[in-house]
Amino acid sequence: MEKGRDSRIRWNLLFLVLLAFSGCQRTQGGLSVVGSTSVEPFAEALAEEFMHQHPREKIFVQGGGSSAGIQAVRTGAAEVGMSSRNLMKGESDLISIPIIYDAIAVIVHRENPLGDLTLDQIRKIFSGEFTRWSEMGGKDKIITLVTREEGSGTREAFQTLIMGEKEISLGALVQDSNGAIRQVVSDDRNAIGYISLGLVNERVKAVKIEGIEPSVENIREHRYKIVRPFLFVFTSEPRGMAKEFLDYILSPAGQNLLVHEGLVSMRTEIDRPQVGKR
Amino acid sequence: MTRERFLERGFLLIALSSISILGLIAFFIFVEGVPLMWKTGLESFLLGDRWYPSKGSFGIFPMIVGSFWVTVGALIVGLPLGVACAVYLSELTHPTLAMVLRPMIQLLAAIPSVIYGFWGLIVLVPLIRESLGGPGLSILAGSLVLGIMILPTIISISEDSLRALPRTYKEGALSLGATHWQTIWRVLLPAARSGIVASIILGMGRAIGETMAMIMILGNAAQMPHSILNSARTLTTNIGIEMGYATGDHRQALFATGVVLFFIIMGLNSLALIFSRKGRA
């Protein structure tokens with residue numbers, strides 16, 4: 001019995017040691033990139049490609065939210081912060097570099113006769129003030145609102161870029177991914193939702209906002225305004241590996257990778273995204 | 001130390017470890033969840049009807065109501081079907097046929113819930129949307145699917161309790177001139193009451209705990225539902241749909257939702273235990 005306990009303790013110790021090591025690895029050697037959960041999947045794809053080209057380098061990408069990322073950069077816990085919102089007043093001591101842009105499209109069913117909404121109408125629809133399509137000249141049907149869950153970066157962006165102070169109605173259906181929202185909207189004639197522009201496909205219709213179509217040209221010309229930048233945040237001019245990684249992202253290869261994921265590059269030589277790829 | 005004692009202790013250790021896992025989970029949920037309930041105030045957490053975690057409003061009353069209605073709906077669908085099926089299997093069918101049917105019913109329990117959810121989403125939801133209106137993602141769709149999901153629980157426990165009745169009950173009733181149907185309705189079902197009630201309560205526990213299928217077909221609106229065609233959110237789906245990006249107070253609020261669920265499930269299981277003990281006594 002005594003012996004059994006001894007060996008158990010030893011196993012436990014081994015486990016703890018392994019756990020400690022696995023924690024250490026993150027901080028030892030390599031670049032840590034922390035922040036927005038909206039940017040995270042793209043940063044991971046970029047890091048993977050970068051590490052493939054530079055097998056000796058290590059990049060650790062971690063989520064946590066834009067504010068957490070900015071905080072991590074400031075305290076030195078991470079070299080690079082990811083943010084899917086612009087820096088606020090108190091954060092102006094930091095350097096932010098936009099790596100790519102993400103547009104949000106408001107989508108309705110293909111057969112919805114309405115194709116153009118004003119910002120005010122969208123606000124009133126999503127806050128629950130307008131409940132029927134007829135209030136905007138459509139059919140006399142109850143609007144099915146579809147939104148993302150609380151905590152989602154896309155919802156946060158929609159809230160700040162369109163809703164402002166108004167809250168999204170609690171009666172809205174909640175789906176936990178862009179794809180699920182697209183699915184609901186493509187099935188329900190009376191539905192309206194919002195997703196990343198890159199995920200709009202032929203099964204749904206992206207409405208014009210204030211008469212402006214969400215197209216790559218309109219985004220580059222700053223006409224379509226429902227756009228958020230994905231930022232990399234640094235405390236000082238990036239150097240060393242952080243600079244190498246940033247340079248890779250801003251290079252045509254990095255930008256192309258992001259554009260293929262449905263984001264919009266401001267560099268005009270980069271192809272327009274293949275809408276509806278996913 | 002004898003070999004036997006060694007084995008005995010070994011098994012005790014294993015048994016304790018599974019209980020301690022339960023204890024650990026409960027401890028963790030409470031440590032994470034209770035501070036937020038304290039901070040928000042128990043009353044405004046349980047009875048508040050505004051769920052805007054990013055703005056600091058944590059009211060889960062709509063989710064409690066949602067769980068309640070979906071569960072009641074599931075019972076309305078599953079209870080008559082389940083008990084009728086149990087009566088059929090134990091009393092009315094040929095034993096050979098029952099031997100074929102029983103494993104098939106058990107198979108219902110083996111289907112992963114995501115398959116039920118997917119089926120509901122593809123078949124039931126459009127059907128409800130086209131024929132009854134509304135978004136289709138609704139309490140009605142959720143109740144129908146859950147009602148099917150709890151069938152195996154209700155059928156197998158009810159059937160066991162019917163078959164466990166002494167033969168003399170049936171023989172006595174028949175010899176007094178009661179028909180087969182009168183025997184089932186007036187004698188056997190009342191006698192097996194406690195087992196059937198236990199099966200209902202365990203079915204309710206299953207219904208309240210179901211998450212994946214409900215995320216897919218309830219629509220998850222965090223609003224007080226007004227009709228069975230409305231979307232709703234249950235306690236489990238509240239955790240399931242928002243855990244991905246939740247941080248800070250929001251994350252704690254999800255754990256607090258777990259605390260509420262924990263008490264509900266504990267209550268239901270204790271009730272089931274009480275009823276099944278009463279049946280044996």
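None of the values given here were measured: they were computed from a predicted structure.
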Next on the checklist: Between Tyr194(A) and Phe126(A), is the ring centroid distance below 6.0 Å?
Outcome noted: yes
- Query: Does the side chain of Val61(A) reach to within under 4.5 Å of the side chain of Met82(A), using non-hydrogen atoms?
  - Reply: yes
Please work out which of the three classes, parallel, tilted or perpendicular, describes the rings of Phe230(A) and Phe42(A), given edges at 30° and 60°. tilted
Okay, Ile168(A) and chain B: the region with an atom under 4.5 Å from a heavy atom over there is backbone
Requested in this report: Apply side chain to side chain donor-acceptor pair (under 3.5 Å) to the pair Thr234(B) and Thr237(B), showing each step before the final yes or no.
Outcome: CA-CA 5 Å; Thr234(B) 66; Thr237(B) 55; 3.1 Å; yes
Q) Taking the six-membered ring for Trp, are the ring centroids of Phe58(B) and Tyr52(B) within less than 6.0 Å of each other? A) no
If one checks every heavy atom of Ser169(A) against chain B at 4.5 Å, the contacting part turns out to be backbone
Checked Ile142(A), Asp187(A), Thr144(A) vs chain B; the most non-hydrogen pairs under 4.5 Å come from Asp187(A)
When the 4.5 angstrom heavy-atom criterion is applied to Ala222(B) and chain A, the contacting part is both
Applying a strict 4.5 Å limit to non-hydrogen atoms, the region of Pro126(B) in contact with chain A is neither
Of Glu202(A), Arg203(A), Arg189(A), the one forming a side chain to side chain contact (heavy atoms under 4.5 Å, CB included) with Arg110(A) is Arg203(A)
The interface call for Arg233(B) against chain A, heavy-atom contacts under 4.5 Å, is side chain
If one checks every heavy atom of Gln183(A) against chain B at 4.5 Å, the contacting part turns out to be neither
Turns out that what part of Asn230(B) lies under 4.5 Å from chain A's heavy atoms comes down to neither
If you tally heavy-atom pairs under 4.5 Å between each of Glu242(B), His250(B), Arg129(B) and chain A, the highest tally belongs to Arg129(B)
Greatest number of non-hydrogen atom pairs under 4.5 angstrom with chain A, of Gln223(B), Glu130(B), Met224(B), Met216(B), falls to Gln223(B)
Exercise for the section: Compare all side-chain heavy atoms of Tyr116(B) with those of Ile111(B) and state whether any distance is below 4.5 angstrom. Expected result: yes
